[in-house]
Amino acid sequence: MTAAPNVPSLLAVDNLAISYASGESRQQVVHDVSFEVRPGEFVALVGESGSGKTTIAQSVIGLLPRNGRIEAGAIRLNGITISDWNDTRLNSLRGARISLVPQDPGQSLNPTRTIGAQIGEIFRIHGQRDRAEIRRRVIELITRVGLSDPELRAGQYPHELSGGMRQRVLIAIAIALKPELIIADEPTSALDVTVQRRILDLIDDLRREIGTAVLLITHDLGIAADRADRIVVLRHGRIQEQGETRQLIAAPQNVYTRQLLADVPVLAEAVLRPAPSAAAADAVLVRNLTVEFGTAWSRTRFRAVDDVSFRVAKGTTHAIVGESGSGKTTTVRAIVGYQRPTSGQVIVAGTELSSLRGERLRQFRRSIQLVYQNPFGSLDPRQDIRDIIAEPLLNYAPVLRLERQRKVEAMLDRVKLPRAVLDRRPAALSGGQRQRVAIARALILDPPILVLDEAVSALDVTVQAQILKLLDELQRELSLTYLFVSHDLAVVRQIADTVSVFKNGRIVESGAVESVFHHPRDPYTIDLIAAVPGRNLPRRVAIAAE
Amino acid sequence: MSIVQSPEGFATADQPSVSSERWRARLRRLRPGLVLAWATVAIAVAWATLPWLFTSYSPVDGVPRQRRLPPGALHWFGTDELGRDLYARVVHGAVHTLSGALISVAVGLAMGTLIGLIAGSVERRLDDAIMRVIDVMLAVPALLLSLSIIIILGFGTVNAAIAVGVASIASFARLARSEVVRVRRMDYVEAAFGSGGRFFAVLWRHVLPNSLTAVLALAALQFGHAVLAISTLGFLGYGAPPPTPEWGLLISEGRNYISTAWWLTVFPGLVVVAVVLAANRIGQSLVRRTL
Amino acid sequence: MARYILTRLLQAVFVLWAAFTVSFILLQALPGDEILIKFENPDLGLSKQQIADIRLAYGADVPLHQQYLFSLGRVLSGQLGNSIQRGVPVIDAIAANLPSTLRLTVLGFVTAASLALVIAFLATLTPFAFLRSLLRGLPSLFISLPVFWLGIVLIQVFSFQLKLIPVIGAGPWEGLVLPVLALAVPISAPLAQVLVRSIDEVETQGFVAVARAKGASRRWVLWRHVFRNAVPPTLTIGGVLFGELLAGAVVTETVFGLNGLGRLTEQAVNLQDAAILQAIVLIAALGFVLVNLSVDLVMPILDPRLRKAFGGAS
């Protein structure tokens with residue numbers, strides 16, 4: 001496509017079409033896809049859910065699910081068509097010339113076999129019989145992917161390793177036979193950002209060292225922009241645009257690519273939010289909050305939240321950021337009244353929470369509402385949307401039927417959902433629509449404070465951008481206070497006024513977003529900010545100011 | 001913990017399904033096996049409710065000259081040692097076996113669900129105590145439990161049905177409890193409490209409807225087991241007394257003529273197998289739908 | 001490790017005690033007076049005084065809670081009391097019948113397990129789709145077969161039609177072939193179902209795709225990764241299966257006219273002999289507990305993740 005046409009391609013995908021059988025019919029999910037990967041090149045396949053990117057990756061290595069079938073086109077490796085090879089022929093290719101780094105490191109290792117056995121297996125599959133030699137190479141590989149105590153690791157089982165360590169083991173397997181092409185299918189989407197960066201660095205280093213090409217499958221345009229030589233943008237199984245990274249980012253030709261670039265949150269981007277007035281009263285005040293878990297039986301108690309204090313001024317957005325296990329979810333659950341603090345104070349809208357029981361706690365719930373991460377689990381699948389949104393009204397002073405109807409419809413308009421969804425069940429709605437329903441249910445009682453627990457994390461970026469915009473509008477119209485929990489610093493930068501950075505149950509740094517992100521003082525915050533992908537994405541101050 | 005959901009997990013997230021499409025998909029999913037299963041159950045139920053529509057022979061009075069006739073055009077399943085039409089006996093026997101199965105499923109479903117619902121809703125220690133008792137009930141094989149109850153209640157169709165039902169309480173209770181516990185952990189239940197829902201209102205609006213589907217699917221499966229268990233008890237002679245044409249009893253009586261009149265055991269047995277197979281097939285399809 | 005075993009043991013003891021208590025309430029406390037039923041029969045011509053003496057001898061006149069403690073103490077010392085109907089110690093009746101039932105059930109279990117393994121493996125390995133779905137449908141058919149009917153049909157086919165096994169005068173092992181088969185076929189069904197389901201489940205897991213991506217053939221992956229992970233869930237239904245075997249023995253022994261615990265049970269119900277039935281219920285509970293205990297102890301060997309339960313001693 002672009003420069004250097006005389007370099008022969010390592011992988012060539014020509015007019016590929018793939019379909020899945022569903023019941024009696026077949027549904028085509030990949031349409032007429034063509035791209036190539038040259039030796040040693042780093043190519044990223046970028047797309048949102050349902051774009052067919054994983055299906056393409058599976059077809060390259062010949063591991064489509066049983067109901068999947070290549071309808072047309074060809075896949076060529078070094079000019080030889082491999083898409084019509086049978087399983088036995090492909091086996092000699094897999095692992096040796098094309099290898100795979102899978103998506104979920106938690107699921108991708110056999111729980112009943114040791115790490116060493118699972119790395120060593122690839123040598124045995126490809127004919128190596130010498131046990132001592134295999135052992136030597138396994139230890140060498142474990143060392144190479146940066147794991148300490150290789151002898152110890154080789155004897156351990158997957159559950160004894162962290163997610164990042166497991167992904168390193170999987171990378172060791174992928175590079176074991178120095179393949180010409182590594183397919184990395186969302187290799188870091190289940191990992192924390194700091195771990196994600198180290199894993200991607202490792203893949204990049206190894207690629208340079210052994211000269212292998214990488215085909216990265218990702219939903220994150222930021223990662224693609226940071227790492228890839230070339231980017232292929234997919235949507236609904238069709239290529240929208242492909243080209244050299246810098247060129248594609250700087251001057252996108254396709255409408256969808258432009259949309260994607262506009263919607264992806266960028267950390268480096270300054271969003272101008274009016275400064276909160278210093279005189280504003282506190283909507284939420286947390287003082288020396290500590291939450292411990294543990295049963296009466298075991299003496300060891302786990303301290304999930306450790307002496308945390310912060311305040312949120314009325315009408316502002318306070319973000320709580322941190323990686324998994326940092327205690328951010330426990331903290332908000334204590335603020336909403338689901339989790340009793342072990343010690344410390346939580347004051348929400350002037351009410352001290354720890355003394356509340358029974359009916360008074362129930363009355364308190366009107367003033368603060370929670371929106372969950374997963375829009376699939378937070379709506380009762382057996383209720384229709386009308387009942388879901390109206391339900392909170394039934395719990396307090398009786399509201400007349402007509403009045404209820406009016407309120408539900410008004411709220412539906414606020415969250416910009418069509419009236420037609422009222423009689424549907426959640427299953428008939430998209431992820432974005434469901435999250436709007438969840439927001440509508442949370443707001444129907446007119447609470448002054450809304451807690452958003454990773455509320456946009458499960459959504460595709462384009463949908464995420466719409467929900468963020470909606471939240472912004474709602475905040476201004478209803479002068480809401482938001483407590484916004486997220487692992488995604490780029491999103492936080494867009495929406496929050498103040499921020500607390502959590503690590504191991506403690507706040508390591510807090511303050512106004514601008515000052516924390518521009519001049520982080522704590523080494524962990526510095527590390528966290530440096531790990532956010534998307535440094536190569538263009539800033540769009542102009543767009544944001546619109 | 002905030003493990004981010006993988007975006008691929010929501011593959012169909014932004015393609016709201018159209019309802020007409022769903023109907024077509026539902027029609028496609030109608031497998032011939034499942035249709036056959038429903039038809040079998042329908043016929044069995046019709047036998048039980050309107051037996052005279054299917055046969056004009058008497059199930060009790062035989063024609064002495066027509067003893068032990070092999071299956072033929074006049075007597076589809078042949079006749080027994082008293083010259084009674086076997087097909088008529090099987091048709092008229094349906095009501096005994098099926099009503100017995102129905103009673104036993106009702107007993108198991110009602111008691112089991114109640115116990116499970118209580119165990120799943122109350123505080124931890126009481127829950128533990130209830131479930132330990134349930135564990136003990138599971139430790140004793142269902143047949144032995146049924147036999148113990150029959151010793152107390154005595155023989156008879158209804159007693160055997162109750163005995164089979166009591167033996168199934170434990171599995172209903174266990175499933176009902178695990179469903180209640182599962183549903184109670186869902187975000188939407190917490191959200192219902194969070195928006196001010198009172199305990200019983202949330203239990204009624206969300207927990208009960210969402211946990212019942214799986215329990216009802218088990219009831220369909222249990223129906224097949226109950227038909228088997230009741231015919232077993234009938235075979236052993238603990239169910240309905242002769243000359244009731246209960247299916248298990250029919251096979252037991254036919255056993256005496258095993259070398260000369262094979263049809264006396266084979267046909268009632270095939271009917272039992274067909275009904276159980278059909279009930280299991282339906283139950284499985286319901287279980288799959290609740291998953 | 002010691003703590004893990006200790007808690008399991010305590011749980012097992014609790015289940016046994018509770019099974020005893022429940023069966024005592026059901027079978028000894030609730031029913032009418034067994035002794036009166038048997039000895040008030042006018043044919044025996046016993047006087048009121050004689051009946052009272054007999055009641056005294058059986059300890060039937062003491063209050064219920066004392067009877068409970070007495071029989072609990074008796075069970076703990078390995079005694080099960082006397083069968084009023086048979087007039088022999090229960091333990092003797094059990095001991096006389098245990099070996100033949102043990103032989104039947106052990107053979108039945110081995111056959112059922114082999115059958116289940118063969119069905120599950122073939123259903124996974126067979127390259128022909130129609131055979132695969134046929135094999136997958138087999139367990140649902142097996143589970144719908146009444147054991148007593150299956151036994152009768154087997155006799156009809158193998159003894160009367162094919163004349164392979166004589167009805168009367170078959171050798172001790174030859175005579176066991178049909179009963180074992182009748183017992184094993186329905187038992188193999190749930191085993192095969194769980195096995196097939198867990199093989200399917202394991203096959204969708206990420207590590208199977210990773211193994212395939214290493215270049216391993218499907219067969220290699222099945223043997224080295226899938227089966228190993230699919231077996232443990234099957235073991236968990238072992239305890240339930242033991243009970244099903246015992247229940248199956250009741251029917252099989254009746255159909256084939258074999259002596260054993262099953263036949264003893266059938267007769268006990270007919271004679272309303274509660275003492276025997278209670279003893280058999282206790283044996284069933286004991287078997288359940290022992291099987292589950294050994295499964296609990298074997299599981300950590302098969303699944304390293306469970307070794308954590310031993311308190312980090314790995």
Side-chain angles (χ1 to χ4, degrees), chain A residues 22-25 48-50 54 103-104 186 189-190 219 322-326 328-329 336-338 362-363 365-366 369-370 372-374 376-383 388 391-392 394-396 424 427-433 438 441-442 444-445 453-454 457-460 463 485-487, chain B residues 1-32 124-125 182-214 289-291:
Chain A
S22 59
E24 301 294 305
S25 63
E48 295 180 292
S49 52
T54 293
Q103 178 167 21
D104 178 5
E186 299 271 12
S189 62
H219 68 280
E323 298 182 292
S324 52
S326 61
K328 52 191 198 300
T329 291
V336 186
Y338 287 141
R362 207 178 71 81
Q363 290 300 337
R365 295 200 190 282
R366 302 184 71 138
Q369 286 289 306
L370 179 65
Y372 294 82
Q373 170 181 1
N374 181 350
F376 286 71
S378 61
L379 307 178
D380 187 337
R382 304 179 67 87
Q383 281 184 316
I388 289 174
E391 183 176 329
L394 303 173
N395 295 330
Y396 296 99
R424 296 206 194 135
L429 268 56
S430 71
Q433 287 176 320
R441 172 181 59 188
I444 196 105
L445 291 172
D453 186 3
E454 299 275 10
S457 307
L459 305 170
D460 280 329
V463 183
V485 180
S486 182
H487 70 284
Chain B
M1 308 292 114
S2 64
I3 292 163
V4 181
Q5 298 276 349
S6 74
E8 288 294 314
F10 301 129
T12 55
D14 282 283
Q15 298 154 352
S17 55
V18 189
S19 60
S20 76
E21 219 170 82
R22 222 188 313 154
W23 270 110
R24 234 177 299 150
R26 202 170 285 176
L27 274 176
R28 260 204 308 274
R29 253 184 282 139
L30 273 186
R31 306 242 173 77
R124 176 92 181 273
R125 251 172 295 174
R182 179 186 67 85
V183 173
R184 277 189 66 176
R185 275 202 217 107
M186 301 297 290
D187 283 347
Y188 61 78
V189 170
E190 192 181 84
F193 283 120
S195 63
R198 291 184 175 86
F199 181 77
F200 285 105
V202 176
L203 207 64
W204 180 251
R205 272 186 220 142
H206 301 285
V207 179
L208 203 58
N210 280 292
S211 22
L212 267 188
T213 16
R289 202 183 298 169
T290 61
L291 287 183

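Naming convention: chains lettered A, B, ... in sequence-line order (proteins, then strands); numbering from 1 in each chain. As the structure is a prediction and not an experimental result, all values here were calculated from the model.
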Heavy-atom pairs under 4.5 Å with chain B: which of A:R382, A:Q369, A:R366, A:Q363 has the most? A:R382
Bottom line for A:L370: the part with an atom under 4.5 Å from chain B's heavy atoms is side chain
Close side-chain approach of B:R205 to A:D380, heavy-atom, < 4.5 Å: no
Is it true that a side-chain atom of A:R365 and a backbone atom of B:S195 form a donor plus acceptor pair closer than 3.5 Å? no
Between A:Y338 and B:F193, the two heavy atoms sitting closest are OH-C, 4.5 Å
Closest approach of A:Y372 to B:A191 (non-hydrogen atoms, all atoms of both residues): OH-N, 3.5 Å
Engaged part of A:Q383 at the chain B interface, taking heavy atoms whose separation is under 4.5 Å: side chain
Please report the closest heavy-atom contact between A:N395 and B:G196, naming both atoms and the distance. CB-O, 3.4 Å
